[in-house]
Enquirer: 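Following this message is one structure expressed as structure tokens.
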Protein chains: 2
Amino acid sequence: MATLADVARHAGVSTATASRIINGSSKPVADALRARVLAAVAELKYVPNAHAQMLARSHRSAVGVIVHDVSDPYFAEITRGLQRVAEADGRLAIICNSYRQPDRELEYIDLLHAHQVAAIVIAGSGYLDAATAARLDDRLQAFEATGGRIAVIGRHEHTGDAVMPDNEEGGFIAAAHLFDLGHEDIAVIAGPAALTTTADRLAGVRRAAKVYRRSLPKGRIFHADFTRDGGYAVTDLIQVKFPEVTAIAALNDSMAVGALASLRDGRRRVAVIGFDDMPIARDVTPSLTSVRLPLTELGERAMRLALGEAGAEPRVEHVAAELVRRESTWDR
Amino acid sequence: MATLADVARHAGVSTATASRIINGSSKPVADALRARVLAAVAELKYVPNAHAQMLARSHRSAVGVIVHDVSDPYFAEITRGLQRVAEADGRLAIICNSYRQPDRELEYIDLLHAHQVAAIVIAGSGYLDAATAARLDDRLQAFEATGGRIAVIGRHEHTGDAVMPDNEEGGFIAAAHLFDLGHEDIAVIAGPAALTTTADRLAGVRRAAKVYRRSLPKGRIFHADFTRDGGYAVTDLIQVKFPEVTAIAALNDSMAVGALASLRDGRRRVAVIGFDDMPIARDVTPSLTSVRLPLTELGERAMRLALGEAGAEPRVEHVAAELVRRESTWDR
DNA sequence: ACGGTCTAGGAAAGCGCTTACCTCAATGGG
DNA sequence: CCCATTGAGGTAAGCGCTTTCCTAGACCGT
């Protein structure tokens, strides 16, 4: 592995000069030397050691991103936005998947901290459990204490810069849409009970039930795991236990897609509304009515917050949810 | 930012001892000291500087991954496999999106090289252009020369460890399926002409045409960009220009989904076969017949190659493509 | 021609950590 | 009872780079 010293020796200059030439320092250097050094770099195929650079110049550049799972379209879209902005700013974004395990999130925070990232962006639902939330915030604060910046997407655990999709309002919109269409007997497929996103969206659904004076018994609320197969399994169950249900509100699109598949296989005609409006929502059949969250934008804004100046006041940007009507919901 | 020296001072020991305790070195240490050091770590919220560690111990651990675009389900699945194996091996996987730009691939190779990763995995189609391929291989060789390991997925540019999906055979399978069903007039939606994946799959389609003694005029082969919208636009065109076409072979699922949407909007009944068998293939309507590639497995195997012993002989694993019949293709 | 001012380039001090090597005290054997 | 041995802990030399400070030659004005 060629080092700067090798290059300098090869070109017959000091490491200081070599460094200055390679990094395009403002200090003027004779053209002859410059050419010799550059030639040496090419010949030795020299690639600077990023770790040594990080250590020597003490400024941080890379940014860390923690999401639940990039291969989930929801996070894939958010990540796309995150990356786009990071890249435009000339920064390496290190993406970590927690696979929905809080412990892994903690590990990754420390890992990113250890890697001296300039900022960490955490996307994806937080955890209702107070102890878990506290541990998380504790690590985050330790990171901030060393000058790191943090931005979260839709998380309550940490007070600081945040982009907050309005999950509660979205839940309201979803349920209200079903009620508006005249559905009385609805079932809800919520996400894991431990997640704040589930709680928030569910709160909106419950508020809608109250506003519309509809009853929404506990038994009509099911918890799945935010995956397509989870939605499928629960919908199978709903069809058997509650044949009178005419509409289902799934609290994310993946589960809604599963619900649609189950309904198709069971040859039942039940309205379904999803949440998030992932790209595939328009391509399933019937195309999926959903509550749209501008996922890519969420990512872009969060990264901009993370890369912006550290303000004294935490900046919290609220992002509205919006109904996208398609074929999977209809008048009763 | 607390340093090891701070911790050592705080605990009244040398940095050597502190380091040994923190890293669980095999050297025995008095329990009293251990406790003091650990207490200091907790109190100061010390997090070791990963860059300094990398520099001091000279072994590499992280691995780099370069894909076209993680938010594309094709790469999302591959990445999932890649990550799973990397994580199981206790390594950080740094994921980079080239967004299909060869130059960015080069940049990322250097960047990962600079970050002293132990291995680089490159997934996604390579480039037919000889000059581009040569530049790529050049960078890769420079990386290998420093002891780095490389594994590629479906790329021809670099000779070394590789996992090769059988794209040619897959193309054959797709076209043969259509011919078997009695379709004579077929159109092909290929990917960007500059990509090797496009060329390989197309070669298989052409071979099928030859074997089945069907003509496949140039005009029936369209190039789109492997995206859903690209497939949609091309299919709009096909419907207008070639109303006699009864079946379309799209050379990836995203474009096939777009084709399905266009056909639905145009109220035409045309058979469609995709390629890759992405998870959503079963949830579009009609559900998509496709040529299955075990994407997650592709990723897992590539990462295993990258992390395995460096063998003298390059190991090349071929992965078969397989027809998955669903509702989007039918007898003529 | 001489002192003073620039300027191009080099010497060397770290950045935060690991680890080979050294020290010193305690221990045991002869 | 003394010396060799062991073992716990410290000292310090880097890892590869950046950057401050310094040097020595070139250049200017008088």
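Labels below follow one simple rule: chain letters A, B, ... track the order of the sequence lines, proteins then strands, and each chain is numbered from 1.
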Enquirer: Please list all pairs passing the salt bridge (Lys or Arg N to Asp or Glu O under 4.0 Å) test where one or both residues lie in residues 112-135 of chain B, with sequence neighbours left out.
Expert: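 Checked against salt bridge (Lys or Arg N to Asp or Glu O under 4.0 Å) - neighbours excluded - the pairs reaching residues 112-135 of chain B are B:Asp103-B:Arg135.
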Enquirer: Taking 5' to 3' order, which nucleotide of DNA chain C is first and which is last to have an atom within less than 4.0 Å of a heavy atom in chain B?
Expert: C:dG16 to C:dC21
Enquirer: Using salt bridge (Lys or Arg N to Asp or Glu O under 4.0 Å), reason through A:Glu87 and A:Arg91 one step at a time and then give a plain yes or no.
Expert: CA-CA 5 Å; A:Glu87 176 136 339; A:Arg91 292 158 183 279; over 6 Å; no
Enquirer: If you take any heavy atom closer than 4.0 Å to DNA chain C, which residues from residues 42-58 of chain A end up in contact?
Expert: A:Leu55, A:Ala56
Enquirer: Is a donor-acceptor pair below 3.5 Å formed from side chain B:Lys27 to base D:dG7, judging by atom type as modelled?
Expert: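 No pair found.
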Enquirer: Provide the closest heavy-atom pair for B:Val65 versus B:Leu82 in the form atom of the first, atom of the second, distance.
Expert: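 Taking B:Val65 first and B:Leu82 second, the nearest heavy atoms are CG1-CD2, 3.8 Å.
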Enquirer: Quick check: closest heavy atoms across B:Ala11 and B:Ala40, and the distance to 0.1 Å?
Expert: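 Minimum heavy-atom contact is CB-CB, 4.2 Å.
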Enquirer: Between A:Gln53 and A:Asn49, does any side-chain donor sit less than 3.5 Å from a side-chain acceptor?
Expert: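 No, no side-chain donor-acceptor pair sits under 3.5 Å.
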Enquirer: In whole angstrom, what separates A:His59's NE2 from D:dT19's P?
Expert: 9 Å
Enquirer: Compare every heavy atom of B:Tyr127 with every heavy atom of B:His68, then report the nearest pair and how far apart it is.
Expert: CE1-OH, 3.7 Å
Enquirer: In terms of ring plane angle, is the pair A:His51 and B:His51 parallel, tilted or perpendicular, where the classes change at 30° and 60°?
Expert: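 Plane angle between 30° and 60°, so tilted.
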Enquirer: What is the distance, to the nearest angstrom, from the CG atom on B:Asp31 to the C1' atom on D:dG9?
Expert: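 These atoms are roughly 15 Å apart.
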Enquirer: Take atom CG of B:Leu4 and atom P of D:dT11, then tell me their distance rounded to the nearest Å.
Expert: 14 Å
Enquirer: Should A:Arg84 and A:Glu300 be marked as a salt bridge (Lys or Arg N to Asp or Glu O under 4.0 Å) after you check the CA-CA gap, both sets of side-chain angles, and the distance that decides it?
Expert: CA-CA 7 Å; A:Arg84 183 180 299 166; A:Glu300 289 174 348; 2.8 Å; yes
Enquirer: Tell me which residues in residues 9-19 of chain B put a heavy atom below 4.0 Å from DNA chain C, sorted by number, or none.
Expert: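 By residue number: B:Ala16, B:Ser19.
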Enquirer: Could you list all the ring-ring contact (aromatic ring centres under 6.0 Å, His included) pairs where at least one residue sits in residues 130-149 of chain B, not counting sequence neighbours?
Expert: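 Every pair satisfying ring-ring contact (aromatic ring centres under 6.0 Å, His included) with a residue in residues 130-149 of chain B: B:His113-B:Phe143.
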Enquirer: Listing request: all side-chain hydrogen bond (donor to acceptor under 3.5 Å, both in side chains) pairs with a residue in residues 20-42 of chain B, at least two apart in sequence or in separate chains.
Expert: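 For residues 20-42 of chain B: B:Ser19-B:Asn23.
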